[in-house]
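One structure below.
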Amino acid sequence: MIKNNNLYIIKWIDSYNSFDVWAPISEMEELRNMICVSVGWIEKETNDNIIVIPHISDIENKKNKGYACGAMIIPKVAILKRIKLKCKL
């Protein structure tokens with residue numbers, strides 16, 4: 001079961017690729033990253049990563065802690081900001 005006290009908004013930086021086809025290197029002059037925002041429960045945290053789960057069902061199921069969809073591993077070095085949200089399920 002997901003804990004009520006670990007719902008967060010995560011602002012993080014990701015790689016960006018505007019070239020999805022072969023293109024001349026001379027056209028690849030603009031270098032930038034993409035700023036992303038994710039909202040979800042932090043299910044697990046290590047020294048290097050967090051696992052954020054945005055969608056959870058069957059939350060009363062104590063055997064398998066429910067079902068998750070859309071889980072994302074975000075490297076901590078990519079996190080710009082974390083905002084804890086209040087949640088009562």
From I51 atom CD1 to E45 atom CD, the distance as rounded to the nearest 0.5 Å | 10.5 Å
Locate the shortest heavy-atom distance separating R82 from Y8; write the atom from each residue and the value.
-> CB-CD2, 4.1 Å
Drop me the distance from I74's CD1 to D48's CG, to the nearest 0.5 angstrom.
-> 14.0 Å
Are more than 12 heavy atoms from other residues, nucleotides or ligands located less than 6.0 Å from atom NZ of K44?
-> no
Should I53 and V37 be counted in the same cluster of Ile, Leu, Val, Met, Phe, Trp and Tyr side chains packed under 4.5 Å apart?
-> yes
Residues T46 and K76: closest non-hydrogen pair is O-NZ, 2.8 Å
Minimum heavy-atom distance G70-P54, with the two atoms named | O-CD, 3.3 Å
Here the gap from I73 atom CD1 to N49 atom CG, rounded to the nearest 0.5 Å, amounts to 6.0 Å
Do W41 and I10 share a hydrophobic cluster, counting only Ile, Leu, Val, Met, Phe, Trp and Tyr and linking them when any side-chain heavy atoms are less than 4.5 Å apart?
-> no
Keeping the roles fixed (side chain from D14, backbone from M34), state whether a donor-acceptor pair exists under 3.5 Å.
-> no
Would you confirm whether K11, through its side chain, and I83, through its main-chain N or O, come within 3.5 Å as a donor-acceptor pair?
-> no
When clusters are formed by joining ILVMFWY residues with side-chain heavy atoms under 4.5 Å apart, either directly or through shared neighbours, do L7 and I42 land in the same one?
-> no
Should I56 and I9 be regarded as members of a common hydrophobic cluster, given that ILVMFWY residues are connected when their side-chain heavy atoms come within less than 4.5 Å of each other, either directly or indirectly?
-> yes
